[in-house]
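Here the structure comes first, spelled out in structure tokens, and everything after it is commentary.
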Protein chains: 2
Amino acid sequence: MDATGTITRSIGRTAVREELARGAFVQFCRDGFDGVTLDDLAAAAGVSRSTFLRYFGSKEEVVLSTFDPLGDALVDALRARPAGEDDWAALRRALDPAVRQLTREPGEGFVLLRLVGRTPALCARLREKQAGWRPRLVQVLSERAAPAPPSSVVLHARVAAAMECLMTALEHWVAAEGRPELGGLVDEAFGALAPAGR
Amino acid sequence: MDATGTITRSIGRTAVREELARGAFVQFCRDGFDGVTLDDLAAAAGVSRSTFLRYFGSKEEVVLSTFDPLGDALVDALRARPAGEDDWAALRRALDPAVRQLTREPGEGFVLLRLVGRTPALCARLREKQAGWRPRLVQVLSERAAPAPPSSVVLHARVAAAMECLMTALEHWVAAEGRPELGGLVDEAFGALAPAGR
DNA sequence: TCTAGTCTGACACTCAGTACCAGTCTTGGT
DNA sequence: ACCAAGACTGGTACTGAGTGTCAGACTAGA
């Protein structure tokens, strides 16, 4: 078979990726995102620059690969919401796993988000990554509302707004040194708007 | 006086900027954003690379400087909305000047947005630029609602959501080859959500 | 053992963006 | 008209991200 080798390789690759990201994160926190070069990262990890870059594709991705599981969790959670629930409530609840993941390990998620928040390049790329989740979320909302889903514009607007509510909450959470409950801030942001129709 | 010279210089500088951007836009449309280097742009404009870059600061800004007046127009329009109007309606109406500006000169705004839409780097930077408008918009909303404005989180969420509704409408407008009325798409996106409270 | 596919390090390269410097031009004051 | 201060220009050198290529080492399966 071919699949066996592929799978073990895939596992190994993921593990290496996480290990490299972990080491890099320490350096970024110490010297700032722009204060560390790819050469620094590679040298500290004991691999060549080529290899290091092969694992991530870009410097930003070294940090932001952490968020990949969040996107999947978000989509799954939305799909698991009861059919009767309106879109806005479902989107709010779908964020719970993501919020839990960010607040588990006190300080972990906070430090990560603070790093992202004060590095414009990371902010921009994180939004790009989020934009990549949107089509899947729109798809789930569309299926939930079958057989007569709202237009693509409407669904897209709701998903985008929900993502921005999350981002707003995260920004305030970081700005407030992580003191208030993140979940409460997300509630407050979602409460600023309400679903119209359906 | 010192101001006189400063002003004339400022006018000249703006004019040169626009002229350079105009020429660059043609090249970008022909060869794509990534298909044109700063050397190409400078050579075509008849200035040195140093000088060209001094006018914009970054390659993305050559394209996105076009959006600068939009931010100001947006803030002014929001400030001009009647006091009784709720936030969501006011934000929607505040976008009218921006929409008009983008749809005047048929094809102009459309081609620009299509270029931005298919260049990830430009998308990301445009969102960054929009993020720069938000604090001012939040400030205006806060003043409108004096003496008891909602929390910063709430206002920020509304402004961010409004911006995303605009972006969603723009994306769909470009995807549909500019056929439907942009204003109608913005209405549809805004209609996907409704203001809660106040 | 052999073979095919993968991973690695090394090197060369393009390009964006920054810093600096010397020469030139413009502006306002004398 | 002349001069001094400041702005604008072009040139050069540099850093650092990201791409492409290549040969050699490693690994899994036949």
Side-chain angles (χ1 to χ4, degrees), chain A residues 1-21 23-24 27-28 31-65 119-126 128-129, chain B residues 1-21 23-24 27-28 31-65 119-126 128-129:
Chain A
M1 284 293 278
D2 186 36
T4 311
T6 306
I7 288 174
T8 57
R9 280 179 198 279
S10 167
I11 293 174
R13 186 175 175 78
T14 303
V16 173
R17 224 171 110 101
E18 282 176 10
E19 191 56 33
L20 292 178
Q27 296 185 69
F28 285 140
D31 304 324
F33 185 73
D34 296 322
V36 184
T37 69
L38 285 173
D39 282 308
D40 297 334
L41 295 174
V47 298
S48 72
R49 204 184 74 113
S50 300
T51 297
F52 194 95
L53 202 48
R54 243 188 291 264
Y55 273 97
F56 294 99
S58 77
K59 193 179 166 189
E60 287 87 9
E61 196 58 22
V62 179
V63 175
L64 300 182
S65 61
T119 310
L122 289 175
C123 274
R125 291 271 193 154
L126 177 55
E128 235 177 298
K129 189 174 278 269
Chain B
M1 283 294 278
D2 185 37
T4 311
T6 306
I7 287 174
T8 60
R9 279 182 199 279
S10 166
I11 292 174
R13 186 174 175 80
T14 303
V16 172
R17 226 171 111 101
E18 282 177 10
E19 191 55 32
L20 293 177
Q27 296 185 69
F28 285 141
D31 305 324
F33 185 74
D34 296 322
V36 185
T37 69
L38 286 173
D39 281 308
D40 297 334
L41 295 174
V47 298
S48 72
R49 205 186 73 114
S50 300
T51 299
F52 194 95
L53 201 49
R54 242 189 292 265
Y55 273 95
F56 295 100
S58 79
K59 194 179 164 187
E60 287 86 11
E61 195 58 22
V62 179
V63 176
L64 299 181
S65 61
T119 310
L122 289 176
C123 275
R125 289 273 193 153
L126 178 55
E128 233 176 299
K129 190 173 279 268

Between [N] atom [atom2] and [X] atom [atom1], what is the distance in whole Å?
{"X": "A/Arg13", "N": "C/dT6", "atom1": "CZ", "atom2": "P", "value": "11 Å"}
{"X": "B/Asp39", "N": "C/dG17", "atom1": "CG", "atom2": "C1'", "value": "12 Å"}
{"X": "A/Leu41", "N": "D/dG16", "atom1": "CG", "atom2": "P", "value": "12 Å"}
{"X": "A/Leu38", "N": "D/dT15", "atom1": "CG", "atom2": "C1'", "value": "12 Å"}
{"X": "B/Leu20", "N": "D/dG10", "atom1": "CG", "atom2": "C1'", "value": "15 Å"}

Original post:
Base, sugar-phosphate, or nothing for A/Val36, non-hydrogen atoms under 4.0 angstrom?
Top reply: sugar-phosphate

Original post:
Within the structure shown, what part of the strands sits under 4.0 Å from B/Arg125 by heavy-atom distance: base, sugar-phosphate, or nothing?
Top reply: sugar-phosphate

**OP:** Mind listing the residues from residues 42-60 of chain A sitting with a heavy atom below 4.0 Å of DNA chain C? Number order is fine.
**Re:** A/Val47, A/Ser48, A/Ser50, A/Thr51, A/Arg54, A/Tyr55

**OP:** State, to 0.1 Å, how close A/Arg125 and A/Leu64 come at their nearest heavy-atom pair, and which atoms those are.
**Re:** CB-CD1, 3.3 Å

**OP:** Determine the minimum heavy-atom distance between B/Val63 and B/Leu122, stating which atoms define it.
**Re:** CB-CD2, 4.0 Å

Distance-only donor-acceptor hits, side chain of residues 50-58 of chain B, under 3.5 Å, sequence neighbours excluded:
{"residue": "B/Thr51", "atom": "OG1", "partner": "B/Ser48", "partner atom": "OG", "Å": "3.1"}
{"residue": "B/Ser58", "atom": "OG", "partner": "B/Glu60", "partner atom": "OE1", "Å": "3.4"}
{"residue": "B/Ser58", "atom": "OG", "partner": "B/Glu61", "partner atom": "N", "Å": "3.2"}

Subject >> Partners passing salt bridge (Lys or Arg N to Asp or Glu O under 4.0 Å) against B/Arg17 (at least two apart in sequence or in another chain) >> reply: B/Asp68

Subject >> For B/Glu19, salt bridge (Lys or Arg N to Asp or Glu O under 4.0 Å) partners two or more places apart >> reply: B/Arg22

**OP:** Can you sort out the partners of A/Asp39 under side chain to side chain contact (heavy atoms under 4.5 Å, CB included), two or more places apart, ordered by chain and number?
**Re:** A/Thr37, A/Arg49

